[in-house]
Visitor: 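Here's a structure for you.
Values below: all heavy atoms of this structure, side chains included; hydrogens, waters and symmetry mates excluded. Everything quoted here is computed from the prediction, not taken from an experiment.
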Amino acid sequence: MAVNPHSAVLDAGLVYLKELEAATDFVLGAQGNRTTIYSKPAGQDRPTNMPITKGQAKLAAAISIDQVIDSLRNPETRKAWDKRFEGMELIEKYPSGDTVIHSLQHGQWPVVSGRDFCLTFRSVKESESKAYLIFASAEDARVPEVKGRVRAKVYLVGWVIDKNPDADGWLLTYFSHVDPVGLPQALLSLIASETPACAGTFASYVEKNGPSPAMY
């Protein structure tokens with residue numbers, strides 16, 4: 001049986017995601033696209049010139065946690081709620097459910113090249129009211145660097161899905177700790193605010209269009 005060669009990366013990623021979930025040093029920033037946005041500086045052990053960002057939004061839809069997870073795993077509908085996402089290719093899905101994917105992000109033509117990422121992914125459902133989605137960079141010969149793009153590094157991109165304690169639906173928390181590698185300073189602040197706001201745009205999309213099937 002095939003085993004994800006990057007499983008240790010995802011084990012560490014889940015630990016790190018839970019650390020970020022418990023962290024009390026995030027600073028409240030702004031609200032946009034129904035998302036409350038927070039940030040904090042990255043540590044020297046995972047260097048980047050972008051802050052670690054956190055976005056929270058409520059999804060007011062009477063759907064199951066599995067439907068929320070599946071909707072977050074649909075790259076076609078993601079293009080509608082994450083404007084920086086360009087597309088992805090599934091490299092391999094393992095019996096455990098882990099995957100290796102090649103993900104593409106739009107650049108700022110003609111000034112900034114698009115980014116690409118070799119990622120490994122895992123979904124962890126702890127209960128019918130709690131789940132984690134983990135993405136992290138991995139080195140994999142099946143995903144070579146692409147001419148014309150910059151290979152960026154994802155220390156962690158993660159979703160925490162909780163039952164909304166105040167009403168029907170779900171509380172979505174999105175974390176991003178990424179090194180975009182060479183991104184101009186002028187764009188960093190914009191991307192640092194836009195990226196976590198996808199928690200709210202995802203919630204709006206699902207409320208309007210309903211859940212989507214998983215595609216990886």
Visitor: Using only atom types and a distance under 3.5 Å, with no angle test, would you say the side chain of Thr99 pairs donor to acceptor with the backbone of Ile101?
Guide: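 Side chain of Thr99 to backbone of Ile101, a donor-acceptor pair under 3.5 Å: no, none is there.
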Visitor: Just by modelled atom types, is the Lys153 backbone N or O under 3.5 Å from a matching donor or acceptor in the Ser137 side chain?
Guide: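 Flag not set: sc Ser137 to bb Lys153 has no pair under 3.5 Å.
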Visitor: Cluster question for you: counting only ILVMFWY and a side-chain heavy-atom cut-off of under 4.5 Å, with indirect links fine, are Leu171 and Trp81 together?
Guide: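 No; tracing contacts between hydrophobic side chains, which count when under 4.5 Å, never links both residues.
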Visitor: Between Asp11 and Arg122, is a salt bridge (Lys or Arg N to Asp or Glu O under 4.0 Å) present by the stated rule, with each step listed?
Guide: CA-CA 9 Å; Asp11 292 342; Arg122 178 180 294 166; 2.7 Å; yes
Visitor: If we only count heavy atoms from C-beta on, is the Val100 to Leu119 side-chain gap below 4.5 Å?
Guide: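 Heavy-atom side-chain distance check fails, nothing below 4.5 Å.
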Visitor: Using only atom types and a distance under 3.5 Å, with no angle test, would you say the side chain of Thr195 pairs donor to acceptor with the backbone of Ala192?
Guide: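 Not a single qualifying donor-acceptor pair exists.
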Visitor: With the threshold set at 4.0 Å, does a side-chain nitrogen-carboxylate oxygen contact exist between Glu128 and Lys163?
Guide: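 Looking at Lys163 together with Glu128, the answer is no, because their closest N to O distance does not fall below 4.0 Å.
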Visitor: Are the side chain of Ser204 and the backbone N or O of Thr201 linked by a donor-acceptor pair below 3.5 Å?
Guide: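 No: the side chain of Ser204 does not pair with the backbone of Thr201.
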Visitor: With the side chain counted from C-beta on, respond yes when Leu59 and Ile63 share a heavy-atom pair under 4.5 Å apart, and no when they do not.
Guide: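 Yes, at least one pair of side-chain atoms sits under 4.5 Å.
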Visitor: Thinking salt bridges, do Arg34 and Glu207 make one under a 4.0 Å N-O criterion?
Guide: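 Looking at Arg34 and Glu207, the cut-off is met.
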Visitor: Is atom NZ of Lys83 surrounded by more than 12 heavy atoms (other residues, nucleotides or ligands) closer than 6.0 Å?
Guide: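 At most 12 heavy atoms, drawn from other residues, nucleotides or ligands, come within 6.0 Å of this atom.
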Visitor: Among residues at least two apart in sequence or on other chains, which ones pass side-chain contact (heavy atoms from CB on, under 4.5 Å) with Ala30?
Guide: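 If we apply the side-chain contact (heavy atoms from CB on, under 4.5 Å) test to Ala30, skipping adjacent residues, there are no hits.
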Visitor: Heavy atoms, side chains only, cut-off 4.5 Å: are Tyr94 and Pro5 in contact?
Guide: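 The answer is yes, as the side chains (C-beta and beyond) meet within the 4.5 Å cut-off.
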Visitor: Is a side-chain donor or acceptor of Tyr155 paired with a backbone partner of Pro47 at a separation under 3.5 angstrom?
Guide: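 Judged by distance alone, yes, a pair lies under 3.5 Å.
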Visitor: Should Tyr16 and Val160 be counted in the same cluster of Ile, Leu, Val, Met, Phe, Trp and Tyr side chains packed under 4.5 Å apart?
Guide: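 Shared cluster, yes.
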Visitor: For the pair Ser7 (side chain) and Val3 (backbone), establish whether a donor and an acceptor sit closer than 3.5 Å, ignoring hydrogens and angles.
Guide: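 Answer holds: no.
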Visitor: Using a strict 4.0 Å threshold on nitrogen-to-oxygen distance, state whether Glu139 and Arg151 make a salt bridge.
Guide: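 Salt bridge absent between Glu139 and Arg151.
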Visitor: Might you point out which heavy atoms bring Thr48 and Ala42 nearest each other, and give the distance in Å?
Guide: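 In terms of heavy atoms, the two residues are closest at CG2-CB, 3.6 Å.
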Visitor: Checking salt bridge (charged side-chain N to carboxylate O under 4.0 Å, His left out) against Glu86, which of Arg78, Arg149, Lys79 comes through?
Guide: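 The residue from Arg78, Arg149, Lys79 that satisfies salt bridge (charged side-chain N to carboxylate O under 4.0 Å, His left out) with Glu86 turns out to be Arg149.
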Visitor: Do Ile69 and Val206 belong together in a cluster built from hydrophobic side chains that touch within less than 4.5 Å?
Guide: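 Yes, it is one cluster - the side chains of Ile69 and Val206 are joined through contacts under 4.5 Å.
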Visitor: If you measure from the Lys or Arg side-chain nitrogens to the Asp or Glu carboxylate oxygens, is any gap between Asp179 and Arg46 under 4.0 Å?
Guide: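 Salt bridge flag = no for Arg46 with Asp179.
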Visitor: Checking Gln31 against Thr36 for the side chain to side chain donor-acceptor pair (under 3.5 Å) test, could you report, in this order, the C-alpha distance in whole Å, the side-chain angles of both residues, the deciding distance, and whether it holds?
Guide: CA-CA 5 Å; Gln31 287 191 307; Thr36 303; 2.8 Å; yes
Visitor: For Ser129, does its backbone N or O pair with a side-chain atom of Ser127 as donor and acceptor, under 3.5 Å?
Guide: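 Here the side-chain-to-backbone pair exists.
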Visitor: Do Glu92 and Arg142 come close enough that some side-chain heavy atom pair is under 4.5 Å?
Guide: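 Glu92 vs Arg142: side chains touch.
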Visitor: Run Lys40 and Leu20 through side chain to side chain contact (heavy atoms under 4.5 Å, CB included) and show every step you take.
Guide: CA-CA 10 Å; Lys40 69 171 188 170; Leu20 292 178; 4.0 Å; yes
Visitor: Does the side chain to side chain donor-acceptor pair (under 3.5 Å) test come out yes or no for Asn4 and Thr120, once each step is laid out?
Guide: CA-CA 9 Å; Asn4 182 5; Thr120 187; 3.1 Å; yes
Visitor: Are Val112 and Leu187 side-chain neighbours, meaning at least one heavy-atom pair lies under 4.5 Å?
Guide: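 Of all side-chain heavy-atom pairs linking Leu187 with Val112, at least one is under 4.5 Å.
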Visitor: May I ask you to decide if the ring planes of Phe26 and Tyr38 are parallel, tilted or perpendicular, using 30° and 60° as cut-offs?
Guide: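 Ring orientation of Phe26 relative to Tyr38: perpendicular.
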Visitor: On a heavy-atom basis, which atom in Tyr132 and which in Leu17 lie closest, and how many Å separate them?
Guide: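 In terms of heavy atoms, the two residues are closest at CD2-CD2, 3.6 Å.
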Visitor: Please answer whether the main-chain N or O of Gly200 pairs with a side-chain N or O of Thr35 as donor and acceptor at a distance below 3.5 Å.
Guide: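 Yes, Thr35 side chain to Gly200 backbone: donor-acceptor pair under 3.5 Å.
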Visitor: Which atoms form the tightest heavy-atom contact between Ile52 and Pro41, and what is the distance?
Guide: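 For Ile52 versus Pro41, the nearest heavy atoms are CD1-O, 4.0 Å.
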Visitor: Is Met88 linked to Val178 within one hydrophobic cluster, defined over Ile, Leu, Val, Met, Phe, Trp and Tyr using a side-chain heavy-atom separation of less than 4.5 Å?
Guide: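 Same cluster.
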Visitor: Within 45° of the axis and under 6.0 Å from the centre of the six-membered ring of Trp170, does NZ or CZ of Lys58 qualify?
Guide: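 No, Lys58 and Trp170 do not form such a contact.
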Visitor: Show the nearest heavy-atom pair for residues Pro180 and Val150, with the distance to one decimal.
Guide: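 For Pro180 versus Val150, the nearest heavy atoms are O-CG1, 4.2 Å.
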Visitor: If every non-hydrogen atom of Pro213 is compared with every non-hydrogen atom of Asn74, which pair is closest and at what distance?
Guide: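 Nearest pair, atom of Pro213 first, then Asn74: O-ND2, 2.8 Å.
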Visitor: Look at the side-chain heavy atoms of Ile, Leu, Val, Met, Phe, Trp and Tyr, link any pair under 4.5 Å apart, and say whether Tyr174 and Met50 land in one connected group.
Guide: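 No, separate clusters.
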Visitor: Let me see the working for Ser212 and Tyr205 under side chain to side chain contact (heavy atoms under 4.5 Å, CB included), right down to the final yes or no.
Guide: CA-CA 10 Å; Ser212 307; Tyr205 180 88; 4.2 Å; yes
Visitor: Just so I know, are the side chains of Trp159 and Thr173 near enough to count as touching, which here means a heavy-atom distance under 4.5 Å?
Guide: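 A side-chain contact is absent here, since even the closest heavy-atom pair is not under 4.5 Å.
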Visitor: Would you confirm whether Ser123, through its side chain, and Leu133, through its main-chain N or O, come within 3.5 Å as a donor-acceptor pair?
Guide: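 Side chain of Ser123 to backbone of Leu133, a donor-acceptor pair under 3.5 Å: no, none is there.
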Visitor: Tell me if the CG atom of Asp168 is crowded by more than 12 foreign heavy atoms within 6.0 Å.
Guide: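 Check fails, neighbour count at 12 or below.
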Visitor: So His102 and Asp116, side chain to side chain contact (heavy atoms under 4.5 Å, CB included) or not? Walk me through it.
Guide: CA-CA 7 Å; His102 184 208; Asp116 81 324; 2.7 Å; yes
Visitor: When rounded to the nearest 0.5 angstrom, what is the spacing between OG in Ser103 and CZ in Phe85?
Guide: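 Output value for this atom pair is 5.0 Å.
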Visitor: As a quick check of understanding, evaluate side chain to side chain contact (heavy atoms under 4.5 Å, CB included) for Lys54 and Ile37, giving each step before the final call.
Guide: CA-CA 6 Å; Lys54 169 183 173 182; Ile37 297 172; over 6 Å; no
Visitor: For the CG atom of Leu156 and the CD atom of Glu19, what is their distance to the nearest 0.5 Å?
Guide: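 The CD atom of Glu19 is 10.0 Å from CG of Leu156, to the nearest 0.5 Å.
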Visitor: Of all the heavy-atom pairs spanning Val181 and Ala152, show the shortest one and how long it is.
Guide: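 In terms of heavy atoms, the two residues are closest at CG2-CA, 3.9 Å.
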Visitor: Under 4.5 Å between any side-chain heavy atoms of Met215 and Glu76, yes or no?
Guide: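 Yes, their side chains come closer than 4.5 Å.
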Visitor: Between Phe135 and Phe121, what is the ring plane arrangement, given parallel below 30°, perpendicular above 60°, and tilted in between?
Guide: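 Phe135 vs Phe121 ring planes: tilted.
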Visitor: Side chains of Phe117 and Gln105: closer than 4.5 Å at any heavy-atom pair?
Guide: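 When only atoms from C-beta onward are counted, Gln105 and Phe117 do touch, with a gap below 4.5 Å.
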Visitor: Can a salt bridge be assigned to the pair Glu21 and Lys130 using a cut-off of 4.0 Å between side-chain N and carboxylate O?
Guide: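 Salt bridge between Glu21 and Lys130, a charged N being under 4.0 Å from a carboxylate O: yes.
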Visitor: Taking Arg115 for the side chain and Ser113 for the main chain, is one N or O donor matched with an acceptor at less than 3.5 Å?
Guide: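 Answer holds: yes.
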